[in-house]
Protein chains: 2
Amino acid sequence: MQISRNKKLPGINIKLNECGLKATLPRIKVVEALQNSKKPLSAAEIYKLTKKYTDRASIYRSLRVFTECGITDEINLNEGFLRYEISGKKHHHHIKCDNCGAIKCIDICIKLDVEKLTGYRINKHSIEFNGVCPNCLKNYS
Amino acid sequence: MQISRNKKLPGINIKLNECGLKATLPRIKVVEALQNSKKPLSAAEIYKLTKKYTDRASIYRSLRVFTECGITDEINLNEGFLRYEISGKKHHHHIKCDNCGAIKCIDICIKLDVEKLTGYRINKHSIEFNGVCPNCLKNYS
DNA sequence: AATATAAATGCAAATCAGTCGCAATAAAAA
DNA sequence: TTTTTATTGCGACTGATTTGCATTTATATT
Ligand SMILES: [Mn+2]
Ligand SMILES: [Mn+2]
Ligand SMILES: [Zn+2]
Ligand SMILES: [Zn+2]
């Protein structure tokens with residue numbers, strides 16, 4: 001796939017190269033899709049947005065290596081698939097409204113407490129909530 | 001499948017009936033497998049233990065309805081499949097050692113804090129950890 | 001105890017997220 | 001510009017879970 005004189009976005013290219021990754025068009029399109037999204041995206045959603053530039057296997061490979069490098073975070077909202085978002089400055093978790101589908105970030109975590117409590121060295125954790133948001137509670141009940 | 005004069009275990013039968021469920025042999029065998037297990041089981045593990053009495057589809061159907069009724073709890077340790085345990089007296093979460101595979105229950109939860117913080121009515125939540133347990137930390141590093 | 005009926009089962013086929021092998025391609029290094 | 005090596009795109013594949021449907025079984029009823 002021919003990169004259409006893409007002289008913009010040196011930021012992404014540099015970040016990819018810093019991680020030892022080639023800055024390919026498929027990868028750039030995945031990063032862009034995530035950056036332009038207001039909520040974490042699933043691989044299927046990313047594919048819908050970028051199918052002109054890549055295929056499903058490459059998206060999964062990109063997301064895996066991005067997450068390993070800390071470029072993205074993986075989010076498990078018990079939907080039967082994973083979501084991804086650009087790894088922000090601040091560690092956080094999520095809550096999804098089962099009614100309107102909105103996904104909100106929440107600045108709360110108990111990783112350190114659990115490490116202290118259990119003596120484990122925690123490699124990975126997932127703290128995710130599903131419910132009905134205040135707005136939907138108001139309107140439909 | 002013929003129930004082999006199973007006059008024991010009226011407790012399970014009663015609990016199933018209370019939930020509006022028929023106390024079938026396949027269901028009883030699934031409950032027994034979970035009761036006899038020291039750790040939460042996956043559908044595949046339950047199948048291995050009960051294949052003489054049921055099949056995969058029925059196990060999945062049982063686990064779903066059990067979880068809906070509150071007979072079992074669903075646990076997502078990011079393993080690519082779900083685990084189930086008999087719903088205990090006390091609400092809790094889990095941590096799995098990536099080295100030895102042990103799954104430990106932890107009595108810590110922030111559901112109420114998150115409800116207070118966000119105003120959501122939380123229907124479902126999942127708070128799960130992966131890491132290396134103190135014992136494995138000692139032995140292998 | 002025999003019958004009716006609605007729920008649950010077993011089986012095979014389907015679905016769905018995610019992975020893999022491999023030849024072709026493109027980014028980065030030389 | 002050429003070489004090197006990572007990455008891609010494709011299709012086939014896996015593993016978990018679901019579904020349709022004809023048959024069986026638990027329970028309520030007589
Ligand atoms: Mn977020
Ligand atoms: Mn437990
Ligand atoms: Zn956290
Ligand atoms: Zn909890």
Side-chain angles (χ1 to χ4, degrees), chain A residues 1-7 9-10 12-31 40-48 50-69 71-72 74-84, chain B residues 1-7 9-10 12-31 41-48 50-69 71 74-84:
Chain A
M1 177 79 46
Q2 182 70 20
I3 184 165
S4 54
R5 293 304 91 228
N6 192 327
K7 281 309 178 200
L9 297 166
I12 292 172
N13 298 42
I14 287 165
K15 180 178 270 183
L16 290 171
N17 289 340
E18 277 172 359
C19 296
L21 303 175
K22 288 187 180 178
T24 64
L25 226 214
R27 282 176 177 163
I28 290 167
K29 291 297 179 180
V30 169
V31 171
L41 298 176
S42 65
E45 287 169 338
I46 294 169
Y47 180 61
K48 244 176 243 140
T50 64
K51 49 155 70 64
K52 312 205 56 145
Y53 305 101
T54 184
D55 78 321
R56 297 184 334 108
S58 296
I59 288 173
Y60 281 107
R61 285 184 286 230
S62 292
L63 292 171
R64 180 192 298 181
V65 72
F66 289 174
T67 302
E68 285 166 6
C69 293
I71 294 173
T72 53
E74 202 174 81
I75 299 165
N76 188 340
L77 279 162
N78 292 302
E79 299 168 292
F81 52 83
L82 299 173
R83 292 182 178 274
Y84 297 84
Chain B
M1 178 78 47
Q2 182 70 18
I3 183 165
S4 53
R5 292 305 92 224
N6 192 326
K7 281 311 177 198
L9 297 167
I12 293 173
N13 298 43
I14 287 166
K15 182 178 268 183
L16 290 171
N17 289 341
E18 277 171 357
C19 296
L21 302 175
K22 288 189 180 176
T24 63
L25 227 215
R27 281 176 177 165
I28 290 167
K29 291 296 180 181
V30 169
V31 170
L41 298 177
S42 65
E45 289 169 337
I46 294 170
Y47 180 61
K48 244 176 243 140
T50 65
K51 48 155 69 62
K52 312 205 57 145
Y53 305 102
T54 184
D55 77 322
R56 263 186 213 82
S58 295
I59 288 172
Y60 281 106
R61 283 186 286 229
S62 292
L63 292 170
R64 181 192 297 178
V65 73
F66 289 174
T67 301
E68 285 166 5
C69 293
I71 294 172
E74 202 174 80
I75 299 165
N76 188 340
L77 279 162
N78 292 302
E79 299 167 293
F81 52 83
L82 299 173
R83 293 182 177 275
Y84 297 84

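Every chain is numbered from 1 and lettered A, B, ... according to where its sequence line falls, protein lines coming before strand lines.
Every residue two or more places apart in sequence or in another chain that forms a salt bridge (charged side-chain N to carboxylate O under 4.0 Å, His left out) with B:Glu79 is listed here: B:Arg83, B:Lys96. For B:Ala44, the side chain to side chain contact (heavy atoms under 4.5 Å, CB included) test picks out B:Ser42, with sequence neighbours left out. The side chain to side chain contact (heavy atoms under 4.5 Å, CB included) check on A:Thr72 picks up A:Leu34, A:Phe66, A:Thr67, A:Tyr84, A:Ile86, with sequence neighbours excluded.
Between the P atom of C:dA8 and the CG atom of B:Asn17 lies a distance of 10 Å, rounded to the nearest Å. What separates CG of A:Leu25 from C1' of C:dA28 is a distance of 16 Å, to the nearest Å. Atom pair A:Asn78:CG and C:dC16:C1' shows a separation of 17 Å (rounding to whole Å applied). Residue A:Tyr53 contributes atom OH, which lies 17 Å from atom C1' of C:dA26 at whole-angstrom precision. Taking atom CG on B:Asp55 and atom C1' on D:dT18, their separation rounds to 12 Å, with Å as the unit. In this structure, B:Glu79 places its CD atom 22 Å from P of D:dT14, rounding to the nearest Å. In this structure, the CD1 atom of B:Ile46 is 13 Å from the P atom of C:dT9, given to the nearest Å. Following rounding to the nearest Å, A:Glu45 (CD) and C:dC16 (C1') show an atom-to-atom distance of 15 Å.
Each end of the helix from C:dA1-D:dT30 to C:dA30-D:dT1 gets its own axis from five base pairs, and the two axes differ in direction by 40°, given to 10 degrees.
In this structure, B:Arg27 contributes its side chain and B:Ser62 its backbone to no donor-acceptor pair below 3.5 Å. Not one N or O on the side chain of A:Ser58 forms a donor-acceptor pair closer than 3.5 Å with the backbone of A:Thr54.
OP1 and OP2 of C:dT9 both lie 4.0 Å or more from every side-chain N or O belonging to B:Thr54.
Within a 6.0 Å radius of NZ in A:Lys51, more than 12 heavy atoms belonging to other residues, nucleotides or ligands are found.
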Would you tabulate the pairs of protein nitrogen or oxygen atoms and nucleotide nitrogen or oxygen atoms of nucleotides 2-6 of chain D closer than 3.5 angstrom?
unit_1 : atom_1 : unit_2  : atom_2 : d
D:dT5  : O2     : A:Lys22 : NZ     : 3.1
D:dA6  : O4'    : A:Lys22 : NZ     : 3.3

Just the table, please: protein N/O against nucleotides 18-22 of chain C N/O, every pair under 3.5 Å.
unit_1 : atom_1 : unit_2  : atom_2 : d
C:dG18 : OP1    : A:Leu82 : N      : 3.2
C:dG18 : OP2    : A:Tyr60 : OH     : 3.1
C:dG18 : O6     : A:Arg56 : NH2    : 3.3
C:dT19 : OP1    : A:Arg64 : NH2    : 3.2
C:dG21 : O6     : A:Arg61 : NH1    : 3.3

### Task
Just do the side chain to side chain contact (heavy atoms under 4.5 Å, CB included) check on B:Ile71 and B:Leu16 with the steps written out, would you?
CA-CA 8 Å; B:Ile71 294 172; B:Leu16 290 171; 3.9 Å; yes
### From CA spacing to verdict: side chain to side chain contact (heavy atoms under 4.5 Å, CB included), B:Ile75, B:Leu82
CA-CA 6 Å; B:Ile75 299 165; B:Leu82 299 173; over 6 Å; no
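Atoms OH and CG, on A:Tyr60 and A:Asp55 in that order, are 11.0 Å from each other to the nearest 0.5 Å. A distance of 12.5 Å separates OG1 of A:Thr50 from CD1 of A:Ile28, quoted to the nearest 0.5 Å. Put simply, CD on A:Glu74 and CG on A:Asn76 are 7.5 Å apart, with the number rounded to the nearest 0.5 Å.
Along DNA chain D, the nucleotide nearest to A:Ser58 and the one nearest to B:Thr24 differ in position, and the one closer to the 5' end is contacted by A:Ser58.
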